[in-house]
Amino acid sequence: MFSLLRAVGLVVTVVTHHFPPDFSADAWKEDEIDTWMKDGDLVVATGAKAGTNFILYCAHQIRTKGNDANDDLYPDVSVTTPWPDLIQSRKGSWAEQKERYNTTVLVDGRKMNYYWDNPAYPFRIFKSHFAPPELPVRKGKGKKIKYLAMSRNGLDVAASMTNFYSSHTQAFRNLWGGFPPDVSNHAPQGQTHPVINDLLPPGPLSELYFGYNKKWWLYRNDPNVLLLHYADVRKDLKGSVEKIANFVNVQLTSDELAVVTERCGIEHMKKVNRFNYLMPLNKDKGLWDPNTDTIVKDNELVNKGLIGTGKALFNDQIVKRWMKVEEEEFGHDPELLRWLREGSVLPPN
C-alpha cells in the first residue's frame, strides 16, 4: 500500500484501511447522501490531477454568472466548494465532521455554510474523486443529483501528480505520517519513478486513474452525468463553459458567457489564488491551525495546465511502460483507450 512512501524513505505512522489516508466515501453512501444533499446539487467528481480546481471554480462562476467579481463568496476552494471525501482530522470521520460544515465559524466571523450553502446559489457544488458505485449515480429514488466527471491523458496526470505531491505543506504531511512525500528530487531512472510506480497497477494510487476511468466510462451517457476530457476543455474553454452551463440549467447571455469564460481561465485563477485548501473542520490542536494552515503551499496548486506534459517530463522507457499498461488495462475497449489519450467526442454506449 505504501510503496511510494517507502520509495522516498519515509516512515508511515498512520494506520488506515483506505488510501490515501485522508479519504473516505462515507458521505456518498446511498442511505446517507439524501440526509445532506439537495435536488440539483452538483458533484464535481473529476479524476485526480485532471483539472479539479479549475472545474470547481468554473462551476461557481457559472452559477453566479460571473457576478462574484471580487470573489467575496470564494475565500478558499475548500470553503465554497466543500470536499466531503476529505477527513480533516486524524481521528475524524464523515459522521464526526458532517454537522460542523454548518456550525463552524471562520476567521471572518461568518459560518462556513454562508459560502457553500448560500441561498443565492441555484445549486451547491461539492468535490469528489470517487466514481460509481461509491457515488450512487443511478440510485432510483431520493434527491436528484448531477455529476460532472473529467478525465485526462494518463501521463499528463502523472506529471501533474509529481508537482502536486511536492506542493504540500509540512504541516499537512505531519498529520498523515509524511504523506504525500516530496518527490521533486526524484528524476526518472530507467523505467521507474516513484509516482509512476504508484499510479500503475497494482500501485496504491492506481484506482485514482485506472479504476476511476473504467468506472465512469460505463456512465458516460447517463442523463445526470457530464463526462469531459481535460484536453477538450483546454482547447475550447468557451464551448466547455457553455456545455457545463447547459448541464446545470444556467442560461448565460453572450456578455455573461464572455465574463465567465475569462474568469475560468488559468491566468485569472492564478491571480485570484484561492486554492490553497484550508481545513476549517480540523480538530488536531497543536498540529493544525484551522484558520491559517493550508494543505498546499501558497499559489502552487494552479499551474499552466498544458497538454502533453507527461511525455515531456518522463523518458522514453517510462512512456513505453505506461502505454503498455494502458493497453493492458483499457485495450478491451479501443474507444476508451483512444479517448483517454486524446479526448474529443465521446462514443455512444
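Scope of the values below: all heavy atoms of this structure, side chains included, with no hydrogens, waters or symmetry mates.
The shortest distance between side-chain heavy atoms of I33 and P136 falls below 4.5 Å. Annotation: side chain of Y165 is in contact with side chain of F179 (closest heavy-atom distance under 4.5 Å). Within the 4.5 Å cutoff, the side chain of W36 has no heavy atoms near those of the D41 side chain. Side-chain contact between P82 and Y101 is present, with heavy atoms from C-beta onward closer than 4.5 Å. Two residues are said to be in side-chain contact when any heavy atoms from C-beta on lie closer than 4.5 Å; D293 and M279 fail this criterion. The closest side-chain heavy-atom distance from D85 to S24 is not below 4.5 Å. Two residues are said to be in side-chain contact when any heavy atoms from C-beta on lie closer than 4.5 Å; V325 and P201 meet this criterion. Side chains of I62 and V241 form a contact here, defined as non-hydrogen atoms less than 4.5 Å apart.
D68 places a side-chain N or O within donor-acceptor distance of the main-chain N or O of L73, the cut-off being under 3.5 Å. Checked by atom type and distance alone, the side chain of D22 never pairs as donor or acceptor with a backbone atom of L86 at under 3.5 Å. Here the side chain of D284 pairs no donor or acceptor atom with the backbone of L287 at under 3.5 angstrom. Side-chain atoms of Q88 come within 3.5 Å of backbone N or O of L281 as a donor-acceptor pair. D156 contributes a side-chain N or O that, together with a main-chain N or O of G310, makes up a donor-acceptor pair within less than 3.5 Å. Under a 3.5 Å cut-off, the side chain of R173 and the backbone N or O of P180 do form a donor-acceptor pair. With T104 contributing its side chain and R100 its backbone, the two residues share a donor-acceptor pair below 3.5 Å. Judged by distance alone, the side chain of N67 and the main-chain N or O of T64 form a donor-acceptor pair under 3.5 Å. The backbone N or O of V77 sits nowhere less than 3.5 Å from a side-chain atom of Y277 that would complete a donor-acceptor pair. Remark: side-chain polar atoms of T169 are not paired, donor with acceptor, to backbone N or O of V296 under 3.5 angstrom.
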Requested in this report: Could you go through the side chain to side chain contact (heavy atoms under 4.5 Å, CB included) check for I307 and K235 one step at a time?
Outcome: CA-CA 9 Å; I307 300 167; K235 291 174 183 176; 4.0 Å; yes
Requested in this report: Take H268 and E262 through the test side chain to side chain contact (heavy atoms under 4.5 Å, CB included) and record every step on the way to the result.
Outcome: CA-CA 7 Å; H268 177 79; E262 188 277 329; 4.0 Å; yes
Requested in this report: Assess whether ring pair (Phe, Tyr, Trp, His ring centres under 6.0 Å) is satisfied between F210 and W322, documenting all intermediate values.
Outcome: CA-CA 12 Å; F210 293 92; W322 182 277; 5.5 Å; yes
Query - Candidate pair M150 and I55, rule side chain to side chain contact (heavy atoms under 4.5 Å, CB included), full reasoning - result: CA-CA 9 Å; M150 189 157 75; I55 294 296; 3.5 Å; yes
Report task. Show the numbers, then the answer: is there a salt bridge (Lys or Arg N to Asp or Glu O under 4.0 Å) between E96 and K91? Result -> CA-CA 9 Å; E96 176 270 332; K91 295 183 179 180; over 6 Å; no
**Report entry** D71/R263 under salt bridge (Lys or Arg N to Asp or Glu O under 4.0 Å): CA gap, chis, key distance, verdict
**Finding:** CA-CA 10 Å; D71 291 287; R263 292 180 66 82; 3.1 Å; yes
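Cation-pi geometry between K146 and F247 is satisfied (NZ or CZ under 6.0 Å from the ring centre, within 45° of the ring normal). Judged by the 6.0 Å and 45° rule, R63 forms a cation-pi pair with Y121.
Using the six-membered ring where Trp is involved, H129 and F23 have ring planes that are tilted, between 30° and 60° apart. Ring pair F172/H168 is tilted by interplanar angle, where 30° to 60° counts as tilted. Relative orientation of the H60 and Y74 rings is tilted, given thresholds of 30° and 60° on the angle between their planes.
Atom NZ of K243 has 12 or fewer neighbouring heavy atoms from other residues, nucleotides or ligands inside a 6.0 Å radius. Around CD of Q170, the count of heavy atoms belonging to other residues, nucleotides or ligands within 6.0 Å exceeds 12. Within a 6.0 Å sphere centred on NZ of K297, heavy atoms belonging to other residues, nucleotides or ligands number more than 12.
Residues T46 and K127 have side chains that never bring a donor and an acceptor to within less than 3.5 angstrom of each other. Residues E242 and N246 bring no donor and acceptor atom of their side chains to less than 3.5 Å of each other. Between the side chains of N197 and R321, at least one donor N or O lies within less than 3.5 Å of an accepting N or O. Between the side chains of N163 and S160, no donor-acceptor pair of N or O atoms lies under 3.5 Å.
A continuous path of Ile, Leu, Val, Met, Phe, Trp and Tyr side chains, each step under 4.5 Å between heavy atoms, connects M323 with V195, placing both in one hydrophobic cluster. Residues W176 and M161 share a single hydrophobic cluster, defined by chaining ILVMFWY side chains whose heavy atoms lie under 4.5 Å apart. L337 and V319 fall within the same hydrophobic cluster, where Ile, Leu, Val, Met, Phe, Trp and Tyr residues are linked whenever their side-chain heavy atoms come under 4.5 Å apart, directly or through other members.
One finds the CG atom of N153 at 8.0 Å from the OG1 atom of T309 (value rounded to the nearest 0.5 Å). The structure places OG1 of T80 at 13.5 Å from CZ of R124, a figure rounded to the nearest 0.5 Å. Expressed to the nearest 0.5 Å, how far CG of L218 lies from CG of N213 amounts to 11.0 Å. Rounding to the nearest 0.5 Å places OG of S89 at 10.5 Å from CH2 of W288. Here L226 contributes atom CG and S240 contributes atom OG; the two are 9.0 Å apart, rounded to the nearest 0.5 Å. The CD atom of E342 lies 10.5 Å from the CG atom of D232; values are rounded to the nearest 0.5 Å.
Aromatic ring centroids of Y212 and W217 lie 6.0 Å or more apart. For F275 and Y57, the gap between ring centers is short of 6.0 Å. Residues F126 and W116 place their aromatic rings such that the two centres sit under 6.0 Å apart. Aromatic rings from W94 and W28 are positioned such that their centres are separated by 6.0 Å or more.
Between K65 and the options L252, T253, D255, a side-chain contact (heavy atoms from CB on, under 4.5 Å) holds for only L252. Partner of Y115 under the side-chain contact (heavy atoms from CB on, under 4.5 Å) criterion, out of D76, D108, T81, D72: D108 alone.
Residues N102 and K111 approach most closely at O-CD, 3.5 Å, considering heavy atoms. Minimum heavy-atom separation, D39 to G142: OD1-O, 4.3 Å.
Under 4.0 Å is where a charged nitrogen must lie from a carboxylate oxygen, and between R138 and D222 at least one such pair does. Salt bridge present: D34 and K139 bring a charged side-chain N and a carboxylate O closer than 4.0 Å. Electrostatic pairing of K38 and D117 counts as a salt bridge here, judged by a charged N lying under 4.0 Å from a carboxylate O. Between E327 and K324 there is no salt bridge, since none of the side-chain N atoms of the basic residue sits less than 4.0 Å from a carboxylate O of the acidic one. The pair E207-K214 fails the salt-bridge criterion, with no side-chain N (NZ, NE, NH1 or NH2) lying under 4.0 Å from an Asp/Glu carboxylate O. Under 4.0 Å is where a charged nitrogen must lie from a carboxylate oxygen, and between E134 and K215 at least one such pair does.
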